[in-house]
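To start, the structure under review is shown below, and the notes come after it.
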2 protein chains.
Amino acid sequence: MNKVDPTLIQDLKAFAGLEQGELERVLDQAHSSLFAKGDAFFREGERAQRFFVLLDGFLQVVRTTENGEQVIMRHFAPGEVFGIAPALNRDTYPASALAVADCVALHWPNKCWQEFANEVPRFVQNAHGAVGERLNDSQDRIVEMATEQVERRVARAVARLVKQAGKPSERGIRIDMPISRQDIAEMSGTTLHTVSRIFSSWADQGLVAVGRQKIEVLSAHKLVTIAEGH
Amino acid sequence: MNKVDPTLIQDLKAFAGLEQGELERVLDQAHSSLFAKGDAFFREGERAQRFFVLLDGFLQVVRTTENGEQVIMRHFAPGEVFGIAPALNRDTYPASALAVADCVALHWPNKCWQEFANEVPRFVQNAHGAVGERLNDSQDRIVEMATEQVERRVARAVARLVKQAGKPSERGIRIDMPISRQDIAEMSGTTLHTVSRIFSSWADQGLVAVGRQKIEVLSAHKLVTIAEGH
DNA sequence: TCAACTGTTTGATCTTTAGCAAACATTTCG
DNA sequence: CGAAATGTTTGCTAAAGATCAAACAGTTGA
């Protein structure tokens, strides 16, 4: 690892609060790789040998059922750690991580985890904090799946995407990533047909402008109303 | 903390692999309390001030939605840590923990967490392993809610209960805890009516014997067939 | 430029499951 | 004991969504 400027990096979530020296210590051992859109960082069930921090791009973490249905567990935007099996004493990755756009990621062999725990404890603490948030998010999502109906779940999925990958546009906020109806369906536990119908209805209400793999939110307020129940 | 015999305790999951000395170190700072059936160990949103190990009894962790619906996130049987907010850098409990039977639990003030991390690292590692499993279980459950229909989800909920609280009986396996139809509904994201109908149908097939807050599985094999899809 | 491919929309139908209502059973307690 | 409270069952109805089928639109590439 050589060419990434530490000062560019220090405000990334994964490295929050690290001092210059700690940061260098961590980056010193890092490898940096490119992953093209569609590439897998790792796959479900694979032996976990390294952990990652996303520097640029966007990725999704996906589980596949026995009958081949996919469920998108979550997306990651730059700055976050992922694939941190060693933090959880796991020896395989529990899901697949796929690049949704071209990505740049740092990664370290698992043995670094223990070293960092001793020498750069803040890094490991940040990771545990992230795990806590993810566990919390997962549980929120279980509650959501157990109690909310489809339109609201879809609204929440879109809201999450807006938060993570929304770019201001002339008329509202554009999700800066090609996302299909099928993707939204896999984020909300429904079918692409139902998503399509919901989007059509939202478009009629002027809430979104949609196109092929394109979603632009015209009224974030209305979206939130649907997502949260006024 | 005085009266609990360390040797009785050392095969509990939370303490797995601890040496005698470490175990005494941990138990030394522990408080021990009784919680009667129905009591709350802590409630959702409350400031997290201590972490727990269940010694005896059975508890459920529950989230409540804005409109008062409950979702049972999971149950805990003796031997497991819970309420470990400090392991995840969280300062409030994200859900409520309720005693389903009379319980005995050890607990420590949060400040012990950091001490244990330094002095009894195995204890903290075990906890992180438990977190990993729970995150994995949560994600399984999201996939389940997103892709399986009600009967299967109910079958899985019953199977989980059998695993955690099943006692062999003459005719099969009895869930050794009063569990209502409503409870099962809150574990599987459906209504008590639907659960009741499913149980009636299972009873007709000789798969279970049910009664008021009572579930006895007569054919674990058939249950698994429904839960896993042959 | 046209064909093949991929993603989207929409109608029609069918299934699953929620919601409502009422009866029933079991337990608890005055 | 009898009344109230709590938990369960079941019929009926309605709604939400899945599934099937077909047409359509935008993209890719020979």
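Straight-line distance from the CD atom of A:E151 to the P atom of D:dA15: 16 Å, rounded to whole Å. The nearest whole Å value for the distance from the CE atom in A:M145 to the C1' atom in D:dA16 is 14 Å. In this structure, CZ of A:R152 is placed 15 Å from C1' of D:dA16, rounded to the nearest angstrom.
Taking the six-membered ring for Trp and thresholds of 30 and 60 degrees, B:F58 and B:H75 have nearly parallel ring planes, at less than 30 degrees apart.
Using a cut-off of 4.0 Å between Lys/Arg side-chain N and Asp/Glu carboxylate O, A:R63 and A:E44 are scored as not salt-bridged. Between A:R141 and A:E148, no side-chain nitrogen of the basic residue sits less than 4.0 Å from a carboxylate oxygen of the acidic one, so the salt-bridge criterion is not met.
The main-chain N or O of A:E69 is found under 3.5 Å from a side-chain atom of A:T65 such that the two form a donor-acceptor pair. B:N110 contributes a side-chain N or O that, together with a main-chain N or O of B:A48, makes up a donor-acceptor pair within less than 3.5 Å. Looking only at distances, a side-chain donor or acceptor of B:Q205 sits under 3.5 Å from a matching main-chain atom of B:S201. Side-chain atoms of B:S196 do not come within 3.5 Å of backbone N or O of B:L192 as any donor-acceptor pair.
For B:K214, the NZ atom counts as densely surrounded, since its 6.0 Å shell holds more than 12 non-hydrogen atoms of other residues, nucleotides or ligands.
End-to-end axis angle of the helix from C:dT1-D:dA30 to C:dG30-D:dC1, using five pairs per end and rounding to 10°, comes to 30°.
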What is the per-nucleotide protein-contact pattern of nucleotides 7-14 of chain D, from the 5' end, where B denotes a base atom under 4.0 Å from a protein heavy atom, S denotes such proximity for sugar-phosphate atoms only, and - denotes neither? SBBBBB--
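Read 5' to 3', the first and last nucleotides of DNA chain C with an atom closer than 4.0 Å to a heavy atom of chain A are C:dT6 to C:dA12.
Proximity of A:L59 to A:F82: side-chain heavy atoms (C-beta onward) are separated by under 4.5 Å at one or more points.
The only member of A:R153, A:R156, A:R152 that meets salt bridge (Lys or Arg N to Asp or Glu O under 4.0 Å) when paired with A:E144 is A:R156.
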